[in-house]
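First up is the structure itself, then whatever we jot down about it.
Just so you know, ligand 1 is whichever comes first in the structure, and atom 1 is the first atom listed for that ligand. The structure displayed is predicted, hence computed values, not measured ones.
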Amino acid sequence: MSDLFAFNGARGAGWSQPLPLIDKEVLISAIPAKLRRQNLPKWPRASEPEIVRHYTWLSNRNFGIDNGFYPLGSCTMKHNPRVNEKIVQLPGMDKIHPLQPDHHVQGLLAIYFEMQEMLAVCSGMDQVTLQPVAGAQGEFTAIRCIQEYHRQRGQGHRSKVIVPDSAHGTNPASASMCGYDIIEIPSGEDGRLDIDALKSAVGEDTAAMMITNPSTLGVFEHQIAEATEIVHSAGGQMYYDGANFNAIIGKTDPGRMGFDAVHYNLHKTFSQPHGGGGPGSGPIGVKSHLSQFLPTPIAGRREKIESDPKGVDDGYWYFWEDVGDSSIGKVQQWNGNAGAVVRSWAFYRRYGKELEKMSEHAVLNANYLRHKIMNPDPEIAEKIHVMPLNGAPADLVMHEFTLSLSPLKELHGVTGKDVAKRLLDYGVMAPTLYFPMIVPECLMIEPTETESKEVLDKFASDFHQILSEDPDIITSAPHTTDVKRVDEVWAARNLILKHPGNNSN
Ligand SMILES: *Cc1c(COP(=O)(O)O)cnc(C)c1O
């Protein structure tokens with residue numbers, strides 16, 4: 001039977017499986033004889049050089065934050081400090097199972113508890129759950145809590161959720177998954193929330209308003225307190241989309257702005273490698289009137305008492321706690337994306353009280369880059385339009401900004417997409433494209449806090465260089481990447497989902 005494990009470290013294989021923590025014989029005897037494998041599986045056999053080449057080849061075909069500048073507006077691609085990886089791979093994190101009893105996992109529970117507390121403090125909320133695994137799922141979870149809140153108060157008839165037209169598509173999608181009708185309100189001339197439009201949208205049927213601040217245009221909604229007042233006096237709840245939390249952390253918080261519920265994108269504000277739909281974490285925080293509706297369990301803490309098994313050494317005992325009968329239930333198996341929570345906790349702990357410096361640098365970098373890009377040679381200046389459309393040029397942005405390439409399109413037939421593709425040839429990732437939808441030929445640029453002045457200067461000069469190139473070069477880009485310009489319609493109609501294998505294109 002022990003040859004079941006013969007592939008561990010087998011000669012000629014360039015890989016190894018982690019050794020089982022449990023005694024092999026014990027493990028095998030736990031499996032009924034008729035279910036036991038008679039032959040070894042047909043594992044691929046490849047030498048170490050072959051394995052190394054394969055993964056290096058794969059990694060080179062991709063573009064990531066470790067290859068170059070990645071100014072993806074809204075979705076925030078931040079540097080992931082390597083120390084987080086060390087921490088998340090400690091055996092106490094990496095080798096535990098979600099069904100282990102509380103007294104086995106005091107370390108992880110302590111981290112969960114601390115993360116809940118830290119998120120609550122920096123957002124001005126009363127209670128946090130770490131369960132949702134994406135911002136979008138956090139939106140859904142919080143809107144469900146708001147829905148239960150209304151129902152419990154005999155206000156179940158409230159059927160409408162208000163979103164500005166600059167909102168991320170997940171906002172209306174989440175609300176509509178909860179069964180709400182969406183009322184979209186137009187933005188004002190300066191790209192900000194139009195208070196009059198909001199006034200005429202609220203009513204007896206308003207369940208909530210969902211909004212991000214700073215908005216997806218990168219501008220701070222300075223009338224947010226007034227907006228909150230309007231929605232609250234109509235009996236609605238205020239929901240804060242935390243995707244842009246990176247811009248304000250330590251400076252102000254959604255609680256102070258009057259919000260009742262918020263989601264955090266740990267992968268955008270703190271740390272967790274993401275992208276391409278990769279792993280995320282979207283905890284939510286709520287004010288106390290909503291906390292009884294949160295999904296369950298959350299991490300709890302009380303002083304250690306004699307009869308308890310050993311806890312961690314800070315005199316407290318941590319446990320998984322049920323929220324109670326009003327809970328909307330679970331939204332995710334187990335306890336959310338523990339890896340993302342631990343990485344973000346490590347990131348947060350490293351900044352500590354200095355966390356607001358992160359926002360300061362993110363905002364400084366965005367304003368510096370915006371200023372550089374919008375002040376080029378005069379013949380280039382006519383090709384771009386920096387948003388907000390009617391904002392004064394000196395207007396400050398927060399952590400990101402948008403610009404419109406519609407002048408370029410009118411002059412030379414070159415679109416925002418063409419410029420985005422051409423940027424790939426210069427070794428940077430294309431910024432977010434065609435979002436928010438209220439900006440024509442939109443590029444949305446978010447440099448993040450860790451980029452140096454040299455990187456930003458280079459990006460601005462590459463960008464200006466592209467705008468002065470022959471339009472044919474731009475419209476046929478990219479020229480240097482593994483995959484050249486793709487025919488998107490063709491690709492969507494003829495999906496190829498099978499891996500083409502090594503060496504082929
Ligand atoms: C990214 C984003 C979301 C959704 O978050 P996910 O974690 O991707 O599900 C919502 N709103 C805004 C403004 C975003 O940028």
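If you number the atoms of ligand 1 from 1 as listed, the ones under 4.0 Å from a heavy atom of Ala243 come out as 2 (C), 11 (N), 12 (C), 13 (C), 14 (C), 15 (O). When each atom of ligand 1 is checked for a heavy atom of His267 under 4.0 Å away, the hits are 7 (O). Of all the atoms in ligand 1, the ones that sit under 4.0 Å from a non-hydrogen atom of Glu139 are 10 (C).
Remark: ligand 1 and His263 share no N or O pair separated by less than 3.5 Å (distance only, no angle test). Of the N or O atoms in Asn265, one or more lie within a sub-3.5 Å distance of an N or O in ligand 1. Note: an N/O pair closer than 3.5 Å links Asp241 and ligand 1 by distance alone. Considering backbone and side-chain N/O atoms, Cys75 never comes within less than 3.5 Å of an N/O atom of ligand 1. Considering both main-chain and side-chain atoms, Ser74 comes within under 3.5 Å of ligand 1 through a nitrogen or oxygen pair.
Under the 3.5 Å distance criterion, with hydrogens and angles disregarded, a donor-acceptor pair is assigned to the side chains of Asn84 and Ser271.
With a 4.5 Å cut-off on side-chain heavy atoms, Met210 and Val161 count as touching.
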Using the side-chain hydrogen bond (donor to acceptor under 3.5 Å, both in side chains) rule, take Gln127 and Ser291 through it: C-alpha gap first, then chi angles, then the decisive distance, then the call. CA-CA 6 Å; Gln127 184 63 267; Ser291 57; 5.6 Å; no
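With hydrogens and angles disregarded, no donor-acceptor distance shorter than 3.5 Å links the side chain of Glu184 to the backbone of Asp165.
A distance below 6.0 Å separates the ring centres of Trp320 and Tyr112.
At least one heavy atom of Lys268 sits closer than 4.0 Å to an atom of ligand 1.
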